[in-house]
*Asks:* 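Below you will find the structure I want to go over with you.
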Protein chains: 2
Amino acid sequence: MNPSTPVTAASDAVVETLTASRALLGVIARSLATVMDTVTLPQFRVLVVLSDLGPLRMGELSEKLGANQSSFSRFADRMVTAGLIARQPAATNRREVIISLTELGRKIHHAVTEARRAEIAALLGTLSPAERAAVKAGFEIFASAAGEPPAADLMIVGL
Amino acid sequence: MNPSTPVTAASDAVVETLTASRALLGVIARSLATVMDTVTLPQFRVLVVLSDLGPLRMGELSEKLGANQSSFSRFADRMVTAGLIARQPAATNRREVIISLTELGRKIHHAVTEARRAEIAALLGTLSPAERAAVKAGFEIFASAAGEPPAADLMIVGL
DNA sequence: TGCAATATATGCCATACTGCAATTATGAAT
DNA sequence: ATTCATAATTGCAGTATGGCATATATTGCA
């Protein structure tokens, strides 16, 4: 088969995509490394969800995380003890409990996000403007074709 | 600030990169979803290492995984019981134990890799040849700037 | 008021993973 | 041959996560 056929060009693109995905996974992993002595991966996932969606009821939160409600209650215990989240009774309903990020929880989430952003910025900074434009274009096309991953999918790997 | 200044162009590229990284994380997560009832994430990481490097001694393997040697011995117990890996005494040295993938272990690793490849191929298949070329170019530039992530980094997230 | 539904928490228990210290088996060296 | 070093395992103990069934508190409805 001729290396310049569309089929080969397509599988080349697959290979490049897989390679790039490993590189990005490295960035993600390193961004997490600094906080892994303070939070576990599942716990960090909670920080992400709360950061994205704001304070949530216990039930809603456990559902978003795909966790058993009773398991999550104890899971929350540990995170409260660690000072990452706070339980507060709902204003309107005394049997509901609202979970929100504490300052520490917010700070940890921010640190990870920022580390990720900074590493990518540094990396792109080493490129020429033309290269950077090519990266932006390629990623833009890919991301719009792939769409945002459902939250449930990301939960699988705890990120 | 004018939206067409280099600075803005650069941060646009950062945003696109972060968005694409989430999309790729979704692909990775989904590829793992099917096997998560058979292996845990740390266990899958072992399959990856053995698949990349071939059979290894207990000590080498535990070191590559950043795990305590005694912890890993029991970790291996579970994986042997699950039929994912096999212990064999080394040919040259009766005190060394070599760990290798079983058929099942190999099959699971392959299933994940293949699922990942297939989803990306399908995704890229929806693009025009020009778009696909742009993706390939962008990812190629990014990947070569980022380099392969150290194995230790990937271990952090268990992938 | 009494009863059903809802939201959370607890009792109980099981598994995965982890580390430190001590043990066993083997190999290497003097 | 005895001693030292190396490779792996095991005893012991602890944390994190998970689920099922049950209990408690509160709300809403009849």
Side-chain angles (χ1 to χ4, degrees), chain A residues 32-33 35-47 49 55-100 105 108 152 155-159, chain B residues 32-33 35-47 49 55-100 105 108 152 155-159:
Chain A
L32 286 164
V35 303
M36 292 286 277
D37 52 342
T38 313
V39 293
T40 63
L41 226 44
Q43 287 175 356
F44 181 74
R45 179 66 203 159
V46 173
L47 301 185
V49 170
L56 291 174
R57 279 193 312 102
M58 291 287 290
E60 286 178 298
L61 191 46
S62 65
E63 192 197 358
K64 303 247 180 239
L65 297 167
N68 180 290
Q69 186 268 326
S70 75
S71 299
F72 184 72
S73 186
R74 255 178 286 245
F75 186 91
D77 289 345
R78 281 191 296 275
M79 290 189 74
V80 168
T81 301
L84 297 163
I85 58 173
R87 273 193 174 96
Q88 340 167 241
T92 57
N93 189 324
R94 272 197 301 168
R95 76 180 154 183
E96 295 181 352
V97 174
I98 307 295
I99 301 291
S100 58
I108 286 174
M155 235 80 80
I156 298 167
V157 287
L159 293 169
Chain B
L32 286 165
V35 302
M36 292 287 275
D37 51 344
T38 313
V39 293
T40 64
L41 226 44
Q43 288 175 356
F44 182 74
R45 179 66 203 159
V46 174
L47 301 185
V49 171
L56 291 174
R57 278 194 312 100
M58 290 288 290
E60 287 177 297
L61 191 46
S62 66
E63 192 197 356
K64 304 247 179 238
L65 296 167
N68 179 290
Q69 224 234 357
S70 75
S71 300
F72 184 72
S73 185
R74 256 176 285 243
F75 185 91
D77 289 345
R78 283 190 294 273
M79 289 189 74
V80 168
T81 301
L84 298 162
I85 59 173
R87 273 191 175 96
Q88 339 167 242
T92 58
N93 190 323
R94 272 197 300 166
R95 76 181 155 182
E96 295 181 352
V97 174
I98 308 295
I99 301 290
S100 58
I108 286 174
M155 236 80 80
I156 298 167
V157 287
L159 294 170

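All chains are named by letter (A, B, ...) in the order of the sequence lines, taking the proteins before the strands, and each is independently numbered beginning at 1.
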*Asks:* To the nearest angstrom, how far is A:Met58 atom CE from C:dT10 atom P?
*Replies:* 10 Å

*Asks:* Could you state the CZ-P distance from A:Arg74 to D:dT15, rounded to the nearest angstrom?
*Replies:* 15 Å

*Asks:* Here's a test of your reading of the structure: between B:Arg87 and A:Phe75, which maps to the more 5' nucleotide of DNA chain D?
*Replies:* B:Arg87

*Asks:* So do B:Arg87 and B:Ile98 actually touch side chain to side chain, heavy atoms under 4.5 Å?
*Replies:* no

*Asks:* Rounded to the Å, how far apart are B:Asn68 CG and D:dT10 C1'?
*Replies:* 13 Å

*Asks:* Tell me whether the OP1 or OP2 atom of C:dC17 has a side-chain N or O from B:Gln43 closer than 4.0 Å.
*Replies:* yes

*Asks:* Assess whether atom CD of A:Gln88 is packed by more than 12 heavy atoms of other residues, nucleotides or ligands within 6.0 Å.
*Replies:* yes

*Asks:* Whole angstrom is fine here: how far is it from CZ in B:Phe72 over to C1' in C:dG19?
*Replies:* 15 Å

*Asks:* In Å, rounded to the nearest 0.5 Å, how long is the span from CZ of A:Arg95 to CE of A:Met58?
*Replies:* 15.0 Å

*Asks:* Would the distance check show the side chain of A:Ser71 and the main-chain N or O of A:Ala67 forming a donor-acceptor pair, the cut-off being under 3.5 Å?
*Replies:* no

*Asks:* Rounded to the nearest angstrom, tell me the gap between atom CE in B:Met79 and atom C1' in D:dT9.
*Replies:* 18 Å

*Asks:* I need the CG-P distance between B:Leu41 and D:dT17, as an integer number of Å.
*Replies:* 14 Å

*Asks:* Please list, for nucleotides 27-30 of chain D, all pairs of protein and nucleotide N/O atoms separated by less than 3.5 Å.
*Replies:*
residue: D:dT27; atom: OP1; partner: A:Arg94; partner atom: N; Å: 2.9

*Asks:* Say you draw a straight line from CD1 of B:Ile99 to CG of B:Leu56; how long is it, rounded to the nearest 0.5 Å?
*Replies:* 9.0 Å

*Asks:* Quick check: on DNA chain C, is the nucleotide nearest A:Ile98 upstream (toward 5') of the one nearest B:Ser71, or the reverse? Name the residue that is more 5'.
*Replies:* A:Ile98

*Asks:* Starting from P on C:dT15, measure out to CE on B:Met36 and report it in whole angstrom.
*Replies:* 18 Å

*Asks:* Tell me, do B:Arg94 and B:Pro89 make a side-chain contact under 4.5 Å, heavy atoms counted?
*Replies:* no

*Asks:* Looking at C:dC17, does its base get a donor-acceptor pair with the side chain of B:Thr40 below 3.5 Å?
*Replies:* no

*Asks:* Kindly say if B:Arg78 contacts the phosphate of C:dC17, meaning a side-chain N or O under 4.0 Å from OP1 or OP2.
*Replies:* yes

*Asks:* Taking the side chain as every heavy atom from C-beta outward, state whether A:Gln43 and A:Leu47 have any pair of such atoms under 4.5 Å apart.
*Replies:* no

*Asks:* What is the distance, rounded to the nearest whole Å, between atom CZ of B:Arg57 and atom C1' of D:dT9?
*Replies:* 15 Å

